[in-house]
Amino acid sequence: MTVRIAVIGAGIMGADHARIVAGNLPGAALQVVCDMDAGRARNVADACGAADAATDPEAVIARADVDAVIVASPDFTHAPLSMACIRAGKKVLCEKPLSQSSAECLEVMEAEQKAGEKFVQVGFMRRYDQSYVEMKQALSEGTLGRALMMHNFHRNVETPAADFTGAMAITNSAPHEFDVVRHVLDTEYASISAYQPRRSDALVAPVVMVLETTDGQLVSIEINNNAAYGYDVRAELVGEKGSIAMNNVAYSRLDRALSQSTRYDADWRGRYAEAYRRQNHAFVRFVETGQFPAIASSSWDGYCAAIVAEAGVKALQEGRKVAVEMIAKPEFYA
C-alpha cells in the first residue's frame, strides 16, 4: 500500500522533505503540499509532482486521502499540528523542536499516552547521520571503554535573523546537540552552564555550554551562529581506551598556487542529506507497521531537548550552573 504523505510548510525544510518524499521514498507518495502562502505551496507541489496544494493545515491533516504528515512549518506550529495529527489518528514526522516549551511538549506526550500509541516522530535527523551511528557503535561495542567526555561544535555562516540572540542559539540551534549526545551516550543531563565571549561588533557571540550527565560524563557544546567561514559541525567522543571523532565531509580538495583547500557548505542541507533520507525512510516504515523506529526521537526526546534548553537559557542569563530537572520517564516511552 502506498503511504500518502502531506507536507505542511513549503519553506526550505518543507521543500526538501517534499523532494525526498517525491523522489527517494519507495512506498510513499507526495499527496499534498500545504503552506499559508498559496503560491509557495503550489510551486513546491508542482515542482515535486504532488497531487494537490493547500493552505489550511488542519483541514489537510483531516483529509481522507492523507495517511501521514510531515510538519515543517514554523516552530510555534509544531506542537499544535502534532496534536491535530494525534486527534486524527495519523503518524507525524515533526521537524525539531517539538516545542520550545517543555510544558507544551508534555501536552503532546499526554495526548499520545491517552491515545494509547505513539504518533509523533521528532525530526532530530542527526541520529541517522553515519558519523554519530559509528560513534554510538564504538561506545556500545566497548572499543572506547567508558565514555568520559563528548566535545561538540556547531557553526553557521551567519544568524538567520538580525535579532538572533544567545538564548535563541540555545533554544534553536543547540537542541540538535542536546538530543544526539543523549542518544550516543544513552544518558540524561544533570546540569548545564553557559557562557559567551565578547565580540568586537554587535553580532551575537558564540555560546559555549558545559553539561554534566547523570552518569558522570562531561559534555561541551559550542554554538557559533556567526562563524563567517562556513557551515561546520564536528564532534569527538573520548573514552578511557580511545576516542572517535567526526571527519569533515568534503568530496574534493583543491591544490593551487602553493596552497591546499577544501570547501565548506553554506548550510546544513548537503551535510545531512543522507541522514534526512534515512530518517524519512524510517518514518514511512513507522506508518506502515506502527512500530516506532529503533533510533528515532520520540515526543519524550522532544521534551528532554526543551527542558535542557530552558535550563541553558537560565544558566546563560543568571551566570551560574543550573540543574536539569525532568519528570520521570513514562513507561510508555521506555
Side-chain angles (χ1 to χ4, degrees), residues 96 124-156 166 169-171 173-197 205-225 227 229-250 262 264-265 268 271-272 274-275 278-279 294-297 300-301 304-305 307-309 311-312 315-316 320-326 329:
K96 72 87 185 167
F124 283 119
M125 81 296 174
R126 288 199 198 173
R127 293 183 178 215
Y128 289 90
D129 178 71
Q130 188 63 25
S131 299
Y132 294 107
V133 170
E134 293 180 14
M135 284 185 180
K136 187 169 180 64
Q137 183 178 17
L139 185 60
S140 63
E141 291 179 350
T143 305
L144 304 179
R146 171 175 165 76
L148 298 174
M149 298 177 289
M150 191 163 174
H151 304 296
N152 310 266
F153 67 74
H154 178 164
R155 296 173 180 170
N156 292 285
I170 297 172
T171 60
S173 300
H176 275 302
E177 275 76 21
F178 295 154
D179 179 75
V180 79
V181 171
R182 286 180 57 250
H183 172 66
V184 169
L185 297 181
D186 192 24
T187 189
E188 300 294 355
Y189 300 111
S191 68
I192 182 170
S193 303
Y195 312 90
Q196 275 187 294
V207 176
V208 177
M209 289 158 278
V210 178
L211 300 97
E212 298 170 279
T213 76
T214 55
D215 288 336
Q217 294 118 346
L218 289 178
V219 175
S220 63
I221 300 174
E222 173 205 314
I223 304 294
N224 185 352
N225 291 106
Y229 66 88
Y231 179 77
D232 192 7
V233 169
R234 300 183 209 175
E236 181 187 18
L237 175 58
V238 181
E240 292 179 341
K241 296 180 180 179
S243 69
I244 182 170
M246 180 185 298
N247 287 329
N248 187 39
V249 178
T262 56
Y264 285 97
D265 287 336
W268 69 94
R271 172 66 181 82
Y272 290 110
E274 179 59 22
R278 291 181 181 184
Q279 169 193 258
I295 67 171
S297 298
W300 165 255
D301 300 302
C304 292
I307 278 284
V308 177
L316 182 64
R320 64 181 181 88
K321 181 165 70 175
V322 173
V324 176
E325 298 176 333
M326 303 192 304
K329 187 175 184 179

Under the criterion side-chain contact (heavy atoms from CB on, under 4.5 Å), I'd like the reasoning laid out for Glu177 against Val219: C-alpha separation, chi angles, the key distance, then a yes or no.
CA-CA 10 Å; Glu177 275 76 21; Val219 175; over 6 Å; no

Q) Can you check side-chain contact (heavy atoms from CB on, under 4.5 Å) on Tyr231 and His154, steps first, answer last? A) CA-CA 8 Å; Tyr231 179 77; His154 178 164; 4.2 Å; yes

Legend entry - side-chain contact (heavy atoms from CB on, under 4.5 Å) evaluation trace for Met125 with His176: CA-CA 8 Å; Met125 81 296 174; His176 275 302; 3.5 Å; yes

- Message: Looking at Ala227, is its backbone amide N or carbonyl O close enough to the side chain of Arg155 to form a donor-acceptor pair, meaning the two atoms are under 3.5 Å apart?
- Response: no

Taking the side chain as C-beta and beyond, is there a heavy-atom pair between [X] and [Y] under 4.5 Å?
{"X": "Arg271", "Y": "Val233", "value": "no"}
{"X": "Leu211", "Y": "Thr213", "value": "no"}
{"X": "Thr143", "Y": "Gln137", "value": "no"}
{"X": "His183", "Y": "Ile295", "value": "yes"}
{"X": "Val324", "Y": "Glu188", "value": "no"}

Ignoring hydrogens and angles, write down the donor-acceptor pairs under 3.5 Å from the side chains of residues 145-153, residues two or more places apart or on other chains.
| from | atom 1 | to | atom 2 | distance (Å) |
| --- | --- | --- | --- | --- |
| Arg146 | NH2 | Asp215 | O | 2.4 |
| His151 | ND1 | Ser220 | OG | 2.9 |
| Asn152 | ND2 | Met150 | O | 3.4 |
| Asn152 | ND2 | Ser220 | O | 3.0 |

Yes or no on salt bridge (charged side-chain N to carboxylate O under 4.0 Å, His left out) for Asp301 and Arg182, after CA distance, side-chain angles and deciding distance? CA-CA 9 Å; Asp301 300 302; Arg182 286 180 57 250; 3.0 Å; yes

Those residues at least two apart in sequence (or on a different chain) that pass side chain to side chain contact (heavy atoms under 4.5 Å, CB included) with Gln196 are Val204, Ala205, Val207, Leu316

key: Test log, rule side chain to side chain donor-acceptor pair (under 3.5 Å), inputs Ser173 and Asn156   = CA-CA 10 Å; Ser173 300; Asn156 292 285; 4.5 Å; no

>> For Met135 and Met246: C-alpha separation, side-chain torsions, deciding distance, then whether side-chain contact (heavy atoms from CB on, under 4.5 Å) applies.
In response: CA-CA 8 Å; Met135 284 185 180; Met246 180 185 298; 4.0 Å; yes

Margin query: Go through it in stages, so that I can follow the logic: the residues are Glu236 and Ser243, the test is side chain to side chain donor-acceptor pair (under 3.5 Å), and I'd like the CA-CA distance, side-chain angles, deciding distance and then a yes or no.
Written below: CA-CA 7 Å; Glu236 181 187 18; Ser243 69; 3.3 Å; yes

